[in-house]
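Each chain gets a letter, A, B and so on, in the order the sequences are listed, and its residues count up from 1.
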There are 2 protein chains.
Amino acid sequence: MEKADAIEALAALAQETRLDIFRTLVEYRPSGLPAGQIAQLLELPGATLSFHLNQLKQAGLIQSIRQGRSLIYSANTDAVDALADFLREDCCSKSAAGAGEAAVGGR
Amino acid sequence: MEKADAIEALAALAQETRLDIFRTLVEYRPSGLPAGQIAQLLELPGATLSFHLNQLKQAGLIQSIRQGRSLIYSANTDAVDALADFLREDCCSKSAAGAGEAAVGGR
DNA sequence: ATTTTATTTCGATAAACATCGAACGGTTCA
DNA sequence: TGAACCGTTCGATGTTTATCGAAATAAAAT
């Protein structure tokens, strides 16, 4: 996973409303939910919801398909797993490359 | 891990400068680096660096100890692991609680 | 005590983000 | 074709975030 993509995904989830939306979609996996039902569950105005759905989609965390006049949104849990992997392996954890150097110097 | 803490950590890492700072500190684990050296490595003005170090510290991702007139910052990789766990287990992944419900209805 | 070094806090500014009513664009059904 | 429905885009507004020079604080050296 690229750094830029990771940042986008992190930013997408680092916002309460969006995290709530995403978690709701995870709950209703794998079939997904129409936008209206998400709005109802979370008591969000349509415009606000749409804004956040766009961010999540942009980040690759959700996708949508049309079903009649509804748009069914569903969570892409693989993207979250990839993000978790990025945190653990490529980025920021003990196992990240290059760990173990010293620069402070005890003397 | 609490949702609020997770959001704080996600937000802290969802910013390029801060992610760079954090990764640098992971590189120099476990001894850490004085602020001045981070500033030098990443070519950041002191005030800007200090601002970001504060956010990271607030989020529990780094800590600092004073050594003479320097402040040595070091990464708390456990916090990242906790965040990755949160993403995988409590929040947003296949294994998250409650997965598998259907709401769309195929007819 | 004064100066030097390391870093933070303050304060101002610009940019990005979140919210949401109102207008708009597709889709279905009569 | 036109009314009803579902959802998005537009546009205006307030809020939060990032940046960074200058002033302040804290520790060490002279």
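- Nearest to the side-chain atoms of A:Q15 among the listed nucleotides C:dT19, D:dG7, C:dT7 stands C:dT19.
- In terms of heavy atoms, A:C92 sits closest to B:T77 at O-CG2, 3.4 Å.
- Within residues 45-52 of chain A, the residues that place at least one heavy atom under 4.0 Å from DNA chain C are, in residue-number order, A:P45, A:A47, A:T48, A:F51, A:H52.
- By the 4.5 Å heavy-atom criterion applied to side chains, A:V80 and A:F22 are counted as neighbours.
- Summarising the geometry, the separation between CD on A:E43 and C1' on C:dC20 is reported as 16 Å, rounded to the nearest angstrom.
- Note: CD1 (B:I38) to C1' (C:dT7) measures 11 Å, nearest angstrom.
- Ionic pairing of B:R88 and B:D81 is not present here: no N-O contact between side-chain nitrogen and carboxylate oxygen is shorter than 4.0 angstrom.
- A sub-4.0 Å separation between OP1 or OP2 of C:dT7 and a side-chain N or O of B:N54 is absent.
- One can place CG of A:L44 at 14 Å from C1' of D:dG7, the figure rounded to the nearest angstrom.
- Proximity note for A:A35 (side chain, C-beta onward) versus C:dT8, D:dT8, D:dT9: the nearest is D:dT8.
- With sequence neighbours left out, A:N76 forms a side-chain hydrogen bond (donor to acceptor under 3.5 Å, both in side chains) with no residue at all.
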(request) Show your working on side-chain contact (heavy atoms from CB on, under 4.5 Å) between B:L33 and B:I72 and close with a plain yes or no. (result) CA-CA 5 Å; B:L33 279 180; B:I72 312 294; 5.8 Å; no

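- Phosphate proximity of C:dA6 to B:Y73: absent, as no side-chain N or O sits under 4.0 Å from OP1 or OP2.
- Between the CG atom of B:L42 and the P atom of D:dA18 there is a distance of 16 Å, given to the nearest Å.
- For the pair A:L56 CG and D:dT8 P, the computed distance is 12 Å after rounding to whole Å.
- Comparing A:Q55 and B:S70 by the nucleotide of DNA chain C that holds the closest heavy atom to each, the one mapping nearer the 5' end is B:S70.
- Taking A:K3 as the reference, B:E16, B:D20 meet the salt bridge (Lys or Arg N to Asp or Glu O under 4.0 Å) condition, with sequence neighbours excluded.
- Evaluation of the side chain to side chain contact (heavy atoms under 4.5 Å, CB included) rule for A:S74 yields A:Q63 as partners, not counting sequence neighbours.
- Pairs of residues two or more places apart, or lying in two chains, that qualify as side chain to side chain donor-acceptor pair (under 3.5 Å) and include a residue from residues 46-55 of chain A are A:R18-A:H52.
- When the side-chain nitrogen and oxygen atoms of B:R18 are compared with OP1 and OP2 of D:dT17, none of them lie within a distance under 4.0 Å.
- As a whole-Å value, the separation of A:E16 CD from C:dA18 C1' is 13 Å.
- Put simply, the side chain of A:L13 reaches to within 4.5 Å of the side chain of B:L87, judged on heavy atoms.
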(request) Determine, for nucleotides 23-30 of chain D in 5'-to-3' order, which nucleotides have protein heavy atoms under 4.0 Å from the base (write B), from only the sugar-phosphate (write S), or from neither (write -). (result) ----BSS-

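- Taking atom CD of residue B:Q37 and atom C1' of nucleotide C:dT7, one finds them 14 Å apart after rounding to whole Å.
- The distance from atom CD of B:Q58 to atom P of C:dT9 is 12 Å, rounded to the nearest whole Å.
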